[in-house]
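Just the heavy atoms: all of them, side chains too, but no hydrogens, waters or symmetry mates, feed the values below. Note on naming: letters A, B, ... go to the chains in the order of the sequence lines (proteins, then strands), and numbering restarts at 1 for each one.
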Amino acid sequence: MITSLPKLLGATVVTLKLLSLSLFFGLFIGLLFAILRLNKNKIINKFAYGYSYIFRGTPLLVQIFIIYFGLGQIEYFRSTFLWVVFKEPYWCAIIAFSLNTGAYTSEILRSAFQTIKPGFIEAGKSLGISNKIIFYKIQIPIAIRQSLPAYGNEIILMMKGTSLASTVTLMDLTGVAKYIISTTFKPIEVFIVAGSIYLFMTFVIHNLIKFLEKKYGY
Amino acid sequence: MIKRFSLGLLITLFLTISANADKIRIGTEGAYPPWNSKDESGKLIGFEVELAWALCRYMGKQCVIVEQDWDGMIPALIMRKFDAIMAGMSITAERQKAISFSQGYADEVASLAVMKGSSLEGLDTPAGINLTKPNAAAKKALKTLTAALAGKTVCVQTATIHQNFLDSGDVGKVNVRTYKTQDEVNLDLASGRCDAALAAAVAFSDYAEKSGKPVVLTGPTFSGGAFGNGVGVGIRKDDTELLNAFNRAIDKARKNGDISRIATKWFGFDASM
C-alpha cells in the first residue's frame with residue numbers, strides 16, 4: 001500500500017495536467033457556445049444547442065472511444081495533417097475532455113447569463129454605457145459569479161472523468177493504479193490509495209471554489 | 001401471508017444457492033481468440049471453452065463459465081467470483097506468488113507483429129528463441145531486437161506475459177503502451193499508432209485472417225523465461241482439492257487425445273502439451 005504511493009503520486013501529475021488543460025480549453029469552448037446560444041440567429045442558436053445536446057447526452061467513455069479508436073479507423077483521416085494530433089492518446093483524451101466539459105460549461109454560463117436581472121443591464125443603458133462594455137463589465141462578471149457553484153461541480157466531475165484516460169492507454173492515476181494491481185493482484189489496497197488521492201483533490205477544489213464564492217460574493 | 005411469502009422466497013434462494021454450490025465456476029475472458037472468444041450471438045466459444053466442458057465431464061462435475069475482464073482475472077479468482085481460470089493464462093513465477101496452477105494443457109509462442117511494409121519487417125533473427133536458458137543465438141537475437149525497437153512504440157495487452165517481457169528490459173527501453181483487450185491492441189496496430197505489437201502469434205494470425213488487414217509476424221517467436229511454461233488452470237492456493245481434480249482430468253483428457261483434438265480444431269495445429 002505504501003510502496004505504491006510514490007508511483008501513484010507521480011501519476012497524479014498526469015491527471016492534474018489532463019484536468020487543467022481540458023478545463024482551460026473547455027472554458028473557452030463553453031464561453032463561445034454560451035454566447036452562440038444567446039444569439040438571436042436561429043441557425044447559430046440551434047447549432048450551439050446541438051453541440052451541447054450531443055456532448056451532454058452521450059457518455060464520456062463513448063466520446064473518448066469514438067475520438068480515439070473510431071477516428072483512427074478511417075483511412076482517409078489518417079492521411080490528413082490532423083492525424084499528427086489524433087495519433088497521440090494524450091491529445092485525444094484532451095480533445096474529448098475539452099469538448100465534453102465545454103458542453104457543460106456552455107450550459108452553466110448560458111443559464112448564468114439568463115439569470116442576470118434585466119435591471120442591471122437597463123441601469124447600464126440608462127447611464128449611456130455601450131452594449132459592448134455592458135457585456136464585458138457587467139454581464140460577464142455577474143455570470144461568472146453566478147456560475148461558480150455549478151462550475152465547481154463541473155470541475156470535480158471532470159477531475160473524476162479524467163480516470164477514463166486510462167482506457168486509451170494513458171498512465172494517469174487510474175491507469176497506474178491498474179498497472180500496480182496487475183503485478184500485485186491487490187485491487188482493494190491500491191484502489192483505496194488512488195481513491196484517497198482523488199478525494200483529496202476534490203477537497204482542494206471544493207475549498208478553492210468556496211473561497212472564490214466568498215471573495216466575490218455579494 | 002407475508003411471512004409465508006418470505007419463507008418461500010428464502011427457500012427458493014437457498015435452493016438456487018445450493019444448486020450452484022457444487023458447480024465449478026470457471027472464469028474466462030472471451031476476447032482472446034482462438035483461446036477464448038465469443039460468437040456473434042455473444043456465446044462463449046474457443047479452445048478453452050470446449051476444453052473446460054471436457055474437463056468437467058472427466059471430473060464428473062457441473063460447470064458454469066463466467067466472463068471476466070482480463071485485468072481483473074486473478075483478483076476475481078482470489079475474491080471467489082469463480083473457482084478456476086481458463087483464459088490463456090501462462091504459468092509464470094510472478095503469478096504463482098498469488099495463485100496455483102494446474103499442469104499445463106497447452107502452449108503457444110509469442111511473436112511481434114507489424115503492418116506490412118514496416119521497417120521492422122524481416123528482422124535478421126532465428127525462427128524461435130527460448131528465454132529460460134538463452135543460448136548464444138537467443139542472446140544475439142535479443143540484441144538485434146534491442147537495436148531495432150529502440151524508441152519504438154510496442155503495444156501489448158495489460159497484465160500479460162508480453163507486458164512483463166517488455167518491462168523486463170531484455171529488449172532495452174521501448175515505449176510500452178498497454179491496452180485492456182487484445183482487440184484494442186490490434187486496432188491500434190492497424191491504425192499505425194503502434195510500431196509493433198507483442199502477443200501470442202495465433203492472436204495475430206487470427207486477427208489478420210478475420211480482418212483482412214496486412215498484419216505480419218516479425219522477429220523470432222518467444223518462449224520460456226518471462227513467457228512462462230505453458231498455459232494452465234489457475235486455482236486459489238487453498239483449493240488443493242480442486243487443483244488435484246483438474247490435474248487428474250487433464251491427465252485423462254490428454255491420454256484420450258481430447259486436448260490435442262480440440263486444440264487442432266481451434267488453432268489449426270496441435271498446441272496441446
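Not one N or O on the side chain of B:Ser111 forms a donor-acceptor pair closer than 3.5 Å with the backbone of B:Leu217. With hydrogens and angles ignored, the 3.5 Å screen pairs no side-chain donor or acceptor of B:Asn36 with any backbone N or O of B:Val49.
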Please tabulate the donor-acceptor pairs under 3.5 angstrom that span chain B and chain A, backbone and side chains included.
from, atom 1, to, atom 2, distance (Å)
B:Asp167, OD2, A:Tyr179, OH, 2.9
B:Asp188, OD2, A:Tyr68, OH, 2.4
B:Ser191, O, A:Arg78, NE, 3.3
B:Arg193, NE, A:Phe86, O, 3.3
B:Arg193, NE, A:Lys87, O, 3.0
B:Arg193, NH1, A:Tyr68, O, 3.0
B:Arg193, NH2, A:Tyr68, O, 2.8
B:Arg193, NH2, A:Phe86, O, 2.9

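Considering only heavy atoms from C-beta on, A:Leu208 stays 4.5 Å or farther from A:Ile155 through its side chain. At least one side-chain heavy atom of A:Leu60 sits under 4.5 Å from a side-chain heavy atom of A:Phe97.
Annotation for A:Leu157: atom CG counts as buried by contact number, over 12 foreign heavy atoms lying within 6.0 Å.
Neither the backbone nor the side chain of B:Met73 has a heavy atom closer than 4.5 Å to any heavy atom of chain A. No part of A:Ile74 comes within reach of chain B, as not one of its non-hydrogen atoms sits under 4.5 angstrom from that chain. For chain B, no part of A:Phe77 is nearby; none of its heavy atoms comes within less than 4.5 Å.
Classified by interplanar angle (parallel below 30°, tilted 30° to 60°, perpendicular above 60°), the ring pair B:Phe222/B:Phe227 is parallel.
For the disulfide (SG to SG under 2.5 Å) test, no residue two or more places apart in sequence or in another chain qualifies with A:Cys92.
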